[in-house]
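Okay, so here's the structure we're looking at.
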Number of protein chains: 2
Amino acid sequence: MPSIENYRAFVLAAELGSFSAAARQMGKAQSAVSTAIANLEIDCDVLLFDRSSRNPVLTKAGAALLANAKGILLGSQEFLARAKSMSEGVEGHLCIAIEQGISIRPLLDLLGDFSTTFAHVSLEIVTPDPADMAGILKRGRAELGLMIEQEGYPVGFQFRGVGYSRTVPVAGRDHPLARLSQVRHADLRQHRELVPQIRPTAQTGSPGNRKSPSIWYAENPMLVLDLVLQGFGWAELPHSIVADGIKTGDLVQLNYGFQQSDILHGVDAVWTEQRALGVAGQWMLNRLLELPQDVWRETGNLPAS
Amino acid sequence: MPSIENYRAFVLAAELGSFSAAARQMGKAQSAVSTAIANLEIDCDVLLFDRSSRNPVLTKAGAALLANAKGILLGSQEFLARAKSMSEGVEGHLCIAIEQGISIRPLLDLLGDFSTTFAHVSLEIVTPDPADMAGILKRGRAELGLMIEQEGYPVGFQFRGVGYSRTVPVAGRDHPLARLSQVRHADLRQHRELVPQIRPTAQTGSPGNRKSPSIWYAENPMLVLDLVLQGFGWAELPHSIVADGIKTGDLVQLNYGFQQSDILHGVDAVWTEQRALGVAGQWMLNRLLELPQDVWRETGNLPAS
DNA sequence: TTCACCTATCTGAAAATCAGATATAAACTG
DNA sequence: CAGTTTATATCTGATTTTCAGATAGGTGAA
């Protein structure tokens, strides 16, 4: 069974074109490299180098296997680097729960920075239904959450506002409401409202104050979008989801007579006290808090000032 | 420095949830696995298992690193498997040169079979200019070639017909020739012919007998296609390249008055005698020879019978 | 409590690895 | 063409590592 050191000797020798040079670089005797590669060749039952000339030259098989050996070495290095990172207190995995409907576009730069700063931390993003958010954090399924701000959070939760999410009332191109230059409460109540969440029950928090008595629930905003496009009703949906449809004319933004029709929700970062954030989680939280308002404006979640 | 066996002990113990079971599976003593994992933990400076209960349980860090360790093991197994395959005479790499203009669509199924049959052979497909084909095979850059049949091949070359490539004369939508219901030689000679190859010189074989005295050469068929679409002239191009354009109306197929306007070229598989084909190359050649005519018909390279 | 089973550690033996020395061959030099 | 330099293969004895078996301590189930 070849050892990692065998592979290392092979790769170094192939790259340097010399067993002696490889030995020098490994801080070992030349004979060690010679036997290491000989053993590798025995294990493989394949000649890796052509020794007929002064310096060893890769055979065809050796050249083909070199790529594999490099991969193994890379994997081993990554294993150790990741382990070192974790031994220094950096978690190996970070899960962020982003409530459905909150656009990740304002976060893309931040995520890019994360991937380079914490190359050894695997990042997971889940987009649960709003009703699940608390449980997902409580259970430790995610370390950090981004959700539409609420009046109060359960005990044990920390939260800080980090940004905004703009919701826009829309209807399909051919919907009766789409023809009105201004809609009143009374108009809304005459048509079905489509709500992007699972139906609230007694347990799952407040039902919210919906504007229409006729309500359909769908599990996520994309489903609702499809229903709206098909003319099944109107809905208040995140700007990031409906922007395209409004631009192409498939969707029409409703103009509320009774209030500003763009509805601005705050976005909170939420985490639990007992589950202390790791180094990467802390970094992520700090960067979220430092996010300039511009990125929310540029992504259409804040009106231009 | 952890050895492969250390990683193997780690992965097996994690998967079986028991050091003893891992030892049994590895055919070693339990103490070997115990110390192997302990050493790995020392190398990593990270606790991989929680030993507080009867059976060891992965720590968070262990769970994160498990994926990496599995990757290393996979890599090692693949290295050995590939080496074994090569020790049995299968080449590690196969390069096929397919002359520009020959569609690979008839070969897709064949390539799929190849990838499963010769999982350890990396496949390379190059699409050289027709004039380069011979040199590329001679130099060993490619083991096998697919090219439009010629009257004669240089000595040392083997060839067998394997299929067909249909060439269609086309012009752009607004080209004068496009309006003619039938074109004659005289018509063709009044317009520029675009030829998808580098300009033939005295060395690079016959100039062929082009139909028009005014000729532009472009390095590959796609360049020619763009030129034709821009109205710079007419060209005889492979059916696979112009089919879409003809369907959308951007291209018009010319209707030769003097001969069948679809021009059918045979496709030859070509290889050299001195560079013996390996097992994978032989397989590929045999499968090419056995290709049913249907696949050439279905891909528009043979007229429906 | 008893029993079965698991893990950590110790120990001596077996095996592998290593550095140095030596032999041989290839390229280079004059 | 002989001498020099450098590179690789192999041998050898010492060092290190690895291993199996034995032992001890602990956990969980009956």
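Quantities reported herein were computed from a predicted structural model and do not represent experimental measurements. To find a chain, count down the sequence lines: A is the first, B the second, and so on, and within it residues start at 1.
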Salt bridge (charged side-chain N to carboxylate O under 4.0 Å, His left out) assessment of E149(A) paired with R160(A): CA-CA 9 Å; E149(A) 65 182 350; R160(A) 291 276 300 274; over 6 Å; no

**Asked** Under the side chain to side chain contact (heavy atoms under 4.5 Å, CB included) criterion, do L40(A) and V46(A) qualify, and how do the steps go?
**Response** CA-CA 9 Å; L40(A) 197 54; V46(A) 160; over 6 Å; no

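Atom-to-atom, CZ of F49(A) to P of dA7(D) comes out at 15 Å; the value is rounded to the nearest Å. Between the NZ atom of K28(B) and the P atom of dG21(D) there is a distance of 14 Å, rounded to whole Å. Rounded to an integer number of Å, the gap from CZ of F19(A) to C1' of dA25(C) is 15 Å. For the pair L16(B) CG and dC6(C) P, the computed distance is 11 Å after rounding to whole Å. Following rounding to the nearest Å, L12(A) (CG) and dT8(D) (C1') show an atom-to-atom distance of 17 Å. In this structure, CZ of R24(B) is placed 13 Å from C1' of dT7(C), rounded to the nearest angstrom. Summarising the geometry, the separation between CD on Q30(B) and P on dA22(D) is reported as 13 Å, rounded to the nearest angstrom. Here dT17(D) presents its P atom at 21 Å from CE of M1(A), a figure rounded to the nearest Å.
Looking at T127(A), its side chain never comes within 3.5 Å of a backbone N or O of E99(A) through a donor-acceptor pair. Between the R275(A) side chain and the K138(A) main chain, a donor and an acceptor come within less than 3.5 Å of each other. At least one donor-acceptor pair under 3.5 Å links the side chain of T59(B) to the backbone N or O of L48(B).
Applying the 4.0 Å criterion to OP1 and OP2 of dA9(D), one finds that R51(A) has a side-chain N or O inside that range. In this structure, S52(A) does not reach the dA26(C) phosphate: none of its side-chain N or O atoms is under 4.0 Å from OP1 or OP2.
The residue E5(B) sits apart from the nucleic acid: no heavy atom pair falls under 4.0 Å. Across all strands shown, G27(B) has heavy atoms under 4.0 Å from sugar-phosphate atoms exclusively, and none from any base. Counting any heavy atom pair closer than 4.0 Å across all strands shown, S31(A) reaches a base atom.
Side-chain atoms of N55(A) lie closest to dA7(D) of the nucleotides dC6(C), dG28(D), dA7(D).
Residue side chain R54(A) does not reach the base of dT8(D) through any donor-acceptor N/O pair under 3.5 Å, judged by distance alone.
Sorted by first and then second residue, the salt bridge (Lys or Arg N to Asp or Glu O under 4.0 Å) pairs with a member in residues 28-42 of chain B read E5(B)-K28(B), E41(B)-R51(B); sequence neighbours excluded.
Near DNA chain C, meaning a heavy atom under 4.0 Å away, the residues from residues 32-42 of chain A are A32(A).
Of the inter-residue distances, the one linking Q100(B) atom CD with I102(B) atom CD1 reads 10.5 Å to the nearest 0.5 angstrom.
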